Amino acid sequence: MVKEYLVRKIARVIAQIDGLPRLSADEIQLEHPKKDLHGDLSTNAAMILAKKAGQDPQAIAEAISQKLKLNRGLIKSWSVWAPGFINFTYGSRYLWDQLLEIHGQEKNFGKSELGKGQKVQVEFVSANPTGPLNVVSARAAAVGDSIANILQATGHYVEREYYVNDTGAQVRRLAESVEIRYRQLLGESVELPDDAYHGEYLIDLARELIDQVGIEYLSLPPAETREKIRHQALHKLVTAQQNDLKQFGVTYDVWMSERNLKKSGVLEEVLALLTEGGHIYEREGAVWFRSSDFYDEEDRVLIKEDGEATYFLMDIGYHKNKLDRGFHRIIDLWGPDHHGYVPRMRSAVEALGIDASRLDLRIIQQVNLLRGGKPVKMSKRAGSIITMRELVKEVGTDVARFFFLMRRLESHLDFDMDVAVEQSEENPVYYVQYAHARISSILKHAKDQGVTLPAIEDVKLSLLNKKEELDLIKEIILLPEVILGAARSLEPHRLTVYLRDVATAFHLFYHKYRVVTDNAGLTAARLALIKATQVVLKNALKLIGISAPTHM
RNA sequence: GGGCUAUUAGCUCAGCCUGGAUAGAGCGUUGGUCUCCGGAACCAAAGGUCACAGGUUCGAAUCCUGUAUAGCCCGCCA
């Protein structure tokens, strides 16, 4: 790439100038300036040197600039700007060559080998199986799935995992709630306790149960009834979650059962390891982990006074299990209510003798759901939630995913359902998809005129020399570095920002010039240009799980 | 009381990691573009003390400290 080439050249020139400290390739930064005026690439190397050498930055920039000898096909020109920038402008030949590159790689354009040999796991959503998925889970699903896609595109081996909390108090409470609904439907006068799950969906679930087994469960021993109901309720709810996610375009490689994990003996193993390492003590009848020896502010209980394991111990076991599965790195996407758990989890991993940097915990901030500007209070117990299914039904998968991915993870997100529905016509996702569809339409139009794109080697790309044409090329060739940046930072929202820029550059070109003209050579070159644009749009959309329609 | 996150245009947000040039989009507002491959488009204008106050720096939306405001968390629940 031209960036590496430039960095190499600049470093070499700096080394040749007396009285200047050397700069490593990492220290020489090349940015894409915001203003056209400042060229296509810019470096502030002279200003960094000025600081180190105590000299005038502009003079240093001049010295570097004069000594530089560059391939004019790659870099057409360069100049020094106050207070010490050196700005470079691409040579057209470089841009045309990049266009060839896109045509050559097609659906592989943008991919890289950054993570070659790296095995990564992404765990996300992992909502309790006590009800339907809500909009917060939808955000996590959109983000997690896109991160996984992006990591795959950068050469990582990726597994998506969902952790099913299918054991513990909440599941007992779930089974109890369903059983009461079951009995109520069959005419028994039983009251639902305050701490049970009150959602309507459990009544539906109980009704399904009756359809299946009738009144059979009334006559079984209580423990057996409870167990059967627990099992069936979990199965139905997990299946429903799977279907919701699938409809949202998200499928997992592994659905990990907490219950099975518990049976595997991993808790005992963890306890033994921690005891061995001297990280455990007893106090007031409970077993404590010295997390304050690491990153946490206080120690945490692993085994309660009543002899039961805490959720935390279970979670340590789960992370031990994940790390033992050979992943170089595991990424967890957690909700904001879990931020307090980050220090203790990192502590635990380190106490187990595992490099804590292999564990990447990311917090996805909350979604405040609004309707007509008013907040919707969501409580699973009270049953007043807006589900992921309703969201998808109202605004569609593409709109929902794009919307969630326009913000970065840390931003709290206000999602107004009414506005989302009203503005769906104006939604930026359509802007991007429209560009893709329009290109399809032009290609079809060309075909109808009997014009097809010749083999790319036979196209005279040098006919593309108008500003809008070159600007469009400059935009679409950014895809690989945008994907790299998104992968390094785990920030899928960079793709949505980029997609809009590409669409804008395309529309700009489209409005200024016709693609299909009487000039066969020019037509071919422009067809090649828009085809490459379409490839870029499609590849980027695919990474964030959004469709690339050929017509709308 | 402690912690996490946020605060950028009327609204919704990028930009912050890695300091740099006149702080960018979309929506909304106002005005304009259509003999033409898709108007779900394009152009232009108005709109900003980057919450506030200090600090570091040649240079701060960006780094540091403090303050304010908002949301969330602070259990031998999961």
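This structure is a prediction, so every number in the text was calculated from the model and none was measured. Throughout, a chain's letter reflects where its sequence line sits, starting with A, and its residues are numbered from 1.
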task = In whole angstrom, give me the gap between the P atoms of B:U69 and B:C52.
result =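 Looking at atom P only, B:U69 and B:C52 are 15 Å apart.
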Under-4.0 Å side-chain N/O to phosphate OP1/OP2 contact, [X] with [N]:
X      : N     : result
A:Y510 : B:G39 : yes
A:K512 : B:C43 : no
A:R407 : B:A6  : no
A:K34  : B:A21 : yes
A:H493 : B:G15 : yes
A:Y431 : B:C42 : yes

Answer with base, sugar-phosphate or nothing: what part of the nucleic acid does [X] contact at a heavy-atom distance below 4.0 Å?
X      : result
A:V497 : sugar-phosphate
A:E305 : base
A:S440 : nothing

Nearest-Å distance, CD1 (A:I439) to C1' (B:C37)?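 Going from CD1 in A:I439 over to C1' in B:C37 covers 12 Å.
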**Asked** Rounded to whole angstrom units, what separation is found between the CG atom of A:D296 and the P atom of B:G75?
**Response**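 Rounding to the nearest Å, CG of A:D296 and P of B:G75 are 12 Å apart.
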If B:U65 has a Watson-Crick or G-U wobble mate with both distances under 3.5 Å, name it; if not, just say none.
->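 Across all strands, the one nucleotide that pairs with B:U65 is B:A53.
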For this session: Indicate whether A:H38 forms a stack on B:A21; treat it as stacked only if centroid distance is below 5.5 angstrom and interplanar angle below 30 degrees.
Result: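 Stacked: centres under 5.5 Å apart, planes under 30°.
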So is the aromatic ring of A:F85 stacked onto the base of B:A21, judging by whether the centres are under 5.5 Å apart and the planes are under 30° apart?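 Answer is yes, a stack.
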Note to self: So which atom in A:T89 and which in A:G39 form the shortest heavy-atom distance, rounded to 0.1 Å?
What the structure shows: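 A:T89 and A:G39 have their closest heavy atoms at OG1-CA, 4.0 Å.
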Next item on the list: Quick one: closest heavy-atom pair of A:W78 and A:I86, and the distance?
Entry: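 So the two residues come closest at CD1-CG2, 4.3 Å.
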Item checked: A:Y498 side-chain N/O to A:L479 backbone N/O, donor-acceptor pair under 3.5 Å ->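 Checked: pair present.
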By the definition side chain to side chain contact (heavy atoms under 4.5 Å, CB included), identify the one residue from A:L361, A:D315, A:D360 that meets it with A:D332.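 Testing A:D332 for a side chain to side chain contact (heavy atoms under 4.5 Å, CB included) against A:L361, A:D315, A:D360 leaves exactly one candidate, A:L361.
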